[in-house]
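Presented below is the structure to which this report refers.
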2 protein chains.
Amino acid sequence: MSSLDGPENMPAPPPILNPAGGANQVRVRAYNERLVLSLVRLYGALSKADIARRSGLSAQTVSVIMRVLEKEGLLLRGDPVRGRVGQPSIPMHLNPDAVYSFGLKMGRRSADLVLMDFVGRIRMQLHRTYAYPLPHEILAFVTSGIQELEGRLDEKQRSRIAGLGIAAPFELWNWAEEVGAPAGAMEVWRDVDLQTDIAARVPHPVFLQNDATSACGAELVFGVGPSYPDFVYFFIGSFIGGGIVLNSAIFSGRTGTAGAIGPLPVRGKNGETKQLLEIASIFVLENMLRERGIDPEPLWYSADDWVDFGEPMESWIQDTAKALAQAIVAAASIVDFSAAVIDGGFPAWVRSRVVQATIDEAAKLDLQGVVMPEIIEGAVGAQARAIGGASLPIFARYLTDQNVLFKEVDHAERT
Amino acid sequence: MSSLDGPENMPAPPPILNPAGGANQVRVRAYNERLVLSLVRLYGALSKADIARRSGLSAQTVSVIMRVLEKEGLLLRGDPVRGRVGQPSIPMHLNPDAVYSFGLKMGRRSADLVLMDFVGRIRMQLHRTYAYPLPHEILAFVTSGIQELEGRLDEKQRSRIAGLGIAAPFELWNWAEEVGAPAGAMEVWRDVDLQTDIAARVPHPVFLQNDATSACGAELVFGVGPSYPDFVYFFIGSFIGGGIVLNSAIFSGRTGTAGAIGPLPVRGKNGETKQLLEIASIFVLENMLRERGIDPEPLWYSADDWVDFGEPMESWIQDTAKALAQAIVAAASIVDFSAAVIDGGFPAWVRSRVVQATIDEAAKLDLQGVVMPEIIEGAVGAQARAIGGASLPIFARYLTDQNVLFKEVDHAERT
DNA sequence: CAATAAATAAATCCAATTGAATTATTAATT
DNA sequence: AATTAATAATTCAATTGGATTTATTTATTG
């Protein structure tokens, strides 16, 4: 009954535990430094004494660590806080200019390259639209783009670039026709290893993650994450995708596709079973517009700048909300998420209407016994994917997403 | 857009990070000791050099740690392994008698008390059936039972008892009538804190966990866990319940009910929407038997000893398999589980037929785009809940479920 | 006997803690 | 207004304790 009946009949079980799990002083210091930076990031600004209280470390230890971090330029001291008994505390905050990171969002209709600083602000960006993406064009965009953006930095700033994080869809060759690519044009992507190809042309560490997962990560770090320890996330782009946050950490799963939620079966308008992505994707809206003779191109110029497309958009929002509501109930039946977060490559006013419609549709469903999550808007917006991508190099090097000492980095790194 | 626009407009975000997250030497040693024990447990037997390689620690460190653990009686040395060049290695394994632990499974129809050893073998057990559980009877059963079992141990053995782990259903008062309890009889449970009440009467640390989650934990540790890093688990008791394993660790969620899966909506025989627990629970079979004038009592005498109930059981297995198949597809759409594990309070031959029927039913569903998990039988069996309960004190004190240094224990401990 | 691997003893290193001292402030009292 | 007490932040110096490094011993194969 048990697999532990003794050493003799053990058929050498596979190694599941992290093989490099041991702890020592060097790793402890590295971990504590990341912990300090992460606490400062989470709270915006904290004094040494604050950090000592929150980390459980001694004041002396924190003092030493933070002095080092300040000397390295990662932390800046703010104005002393007076008004309370005792020596005034000196809040320390992240130096926004201490670290920069590139984020590349590559999509089915457009690509974005952003330069993000240490506190998550976008400092520069480039945007490009296309009918469909081709490897050599993407490569050219990212290499020339990085060159251009780096050209606007001085030597010192360039030395502070932590790397490039790519947010890209998996299996681009699927559904190529639905987005209007010529048959077979996307097949080239089957043999492309974007991470390796870009790493060969860029003098920085390169990271890669699914685009929706990246957006979810941005929401976790810069959006509603601090208020919700776990949530299911939907990002409506030309295709809908998603992500899952558990215990304040991205859960990407064995195959990296956890929370993909695109293929989730939902009941369509006429009672037929459809996949979520066949309803709640912007390409569907695009096709609806085209059918009615409306030019859909403005969808891709700038996500923050849609015009009101009237009836067809109204109809798309309704369908999308119905499908999202069902997906949320299904997810909530498996895991007791505290929130369902909805964002997308569209303006805030569209997002707001999608969310409200989803709340209304969810109320119509049978919720007996289900712990329903709060259905809320994402706080990051259309650039979430690029921001999430740009976060990858920073987190890999300076921050910790959880209080885990020796977690294996689940996104491979190439230098 | 970002929540990090500066310290001035931060409304003090809630503390999500573990407040006691700092690392120091004492904790490092405690962690490394647990890591060594966990590696030995996982592999059955390992030499010091093996542990050094697998943990990444230096040979000397491992040597010191394991000598201490051997001195404390937790590890035993096996026969030297010769046949290879160099000094023969000495495999070390857990001393089964180093630690004992009580496990109490309290259900709607029966209770079990087991004494488990350090390697997960049941050494003694008591069983009791009832029409429905009442607090004072459970308390009497556990206190007298522990007294009786401890009486069979000598003084030295008694001193090695790590604690008592309780596996019990949440919200016992729900569905009371369906299992034949008189209306209102289960209401008393609303005000009972079983953990506290038992802790007051038992001289050991007491832990509490949902019964299905406990069974899932037993499967993770003593069953298929070593072969599958993540799986969704179903335990068919008088009510069906479940659990979720992610990254080789139990995920119990914010409210402790993740993977409860009982209220999952599924389509019933006649196309109507039902909750999973209304179909795939043993109480349903019990009622079917009673309707046909068959005495259902043998269901509860011993889970390993059912008679073949013929047609009604056949019909129940079919219904159950249909519902389980739908639940598995729903779960797989959210998380890319590598397996769906089915076990229950019934004999292995029933489990085997349920699993085969579920595999057949799943094949009939639309699986387009879904990463389907392997549907397999649980390896632990009917006692999984009690074993999982008994594991709680052992894990809390001696082992680590993941390579997480300072995880907060998610089951409260009372001494 | 040479090569190899396991195991361990001794010395060294390093980061966290402890305890005491310093500094800067507010609060209370004269 | 001046003085004293209390409090809190920060840091210096000494200590602690566990991991690593280096070197040695032991046991085996070929």
Side-chain angles (χ1 to χ4, degrees), chain A residues 20-37 39-40 43 45-72 75 77-93 403 405-406, chain B residues 20-37 39-40 45-72 75-93 403 405-406:
Chain A
N24 60 33
Q25 282 173 314
V26 178
R27 295 187 207 186
V28 161
R29 167 54 73 101
Y31 167 76
N32 284 341
E33 281 181 359
R34 280 165 178 260
L35 179 66
V36 167
L37 285 172
L39 283 167
V40 171
Y43 287 88
L46 289 176
S47 69
K48 291 171 185 170
D50 283 334
I51 296 274
R53 279 186 291 264
R54 291 195 190 279
S55 69
L57 293 169
S58 70
Q60 172 62 7
T61 299
V62 172
S63 180
V64 170
I65 290 175
M66 291 184 85
R67 234 175 309 161
V68 170
L69 294 175
E70 187 187 1
K71 200 168 187 177
E72 288 174 353
L75 292 179
R77 51 182 62 218
D79 295 327
V81 174
R82 293 160 216 276
R84 276 172 304 181
V85 172
Q87 178 163 333
S89 69
I90 299 175
M92 313 221 26
H93 55 95
N403 46 337
L405 187 39
F406 307 119
Chain B
N24 60 35
Q25 281 173 314
V26 178
R27 295 189 208 183
V28 160
R29 165 54 73 102
Y31 167 75
N32 284 341
E33 281 181 1
R34 281 164 177 261
L35 178 67
V36 168
L37 284 173
L39 283 167
V40 170
L46 288 176
S47 70
K48 291 171 184 172
D50 283 334
I51 297 275
R53 278 185 292 264
R54 291 194 190 280
S55 69
L57 294 170
S58 71
Q60 174 60 8
T61 298
V62 173
S63 182
V64 170
I65 289 175
M66 291 185 83
R67 233 176 309 158
V68 170
L69 294 176
E70 187 188 1
K71 200 167 186 179
E72 288 175 353
L75 292 179
L76 292 178
R77 51 181 62 217
D79 296 326
V81 174
R82 293 162 215 278
R84 275 172 304 180
V85 172
Q87 179 164 328
S89 69
I90 298 173
M92 314 226 20
H93 56 94
N403 47 337
L405 185 41
F406 308 119

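Residue numbers begin at 1 in each chain, while the letters A, B, ... track the order of the sequences. Fair warning: this is a prediction, and the values are worked out from it, not measured in the lab.
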Asn32(B) side-chain N/O to Arg29(B) backbone N/O, donor-acceptor pair under 3.5 Å: no

Arg29(B) side chain near dG17(D) phosphate (N/O to OP1/OP2, under 4.0 Å): no

Nearest-angstrom distance from the residue atom CD1 of Ile65(B) to C1' of dT20(D): 12 Å

Where protein sits on nucleotides 5-14 of chain C, one letter per nucleotide: B base, S sugar-phosphate only, - none, heavy atoms under 4.0 Å: BBSBBB---B

Within-4.5 Å side-chain heavy-atom neighbours: Arg53(A) and Lys48(A): no

Gap between atoms CD1 and P, on Ile51(A) and dA16(C) respectively (whole Å): 14 Å

Asn32(B) vs dG18(D): side-chain N/O to OP1/OP2 distance below 4.0 Å: no

Leu75(A): which of Leu46(A), Ile65(A), Val68(A), Val40(A) passes side-chain contact (heavy atoms from CB on, under 4.5 Å): Val40(A)

Met92(A) CE to Met66(A) CE distance, which is reported to the nearest 0.5 Å: 5.0 Å

Residue pair Pro91(B) / Ala45(B): nearest heavy atoms and the distance that separates them: CB-CB, 4.2 Å

Close side-chain approach of Val64(B) and Gln60(B), heavy atoms under 4.5 Å: yes

Under 4.0 angstrom between Thr61(A) side-chain N/O and dT17(C) OP1 or OP2: yes

Gap between atoms CE and C1', on Met92(A) and dA9(D) respectively (whole Å): 13 Å

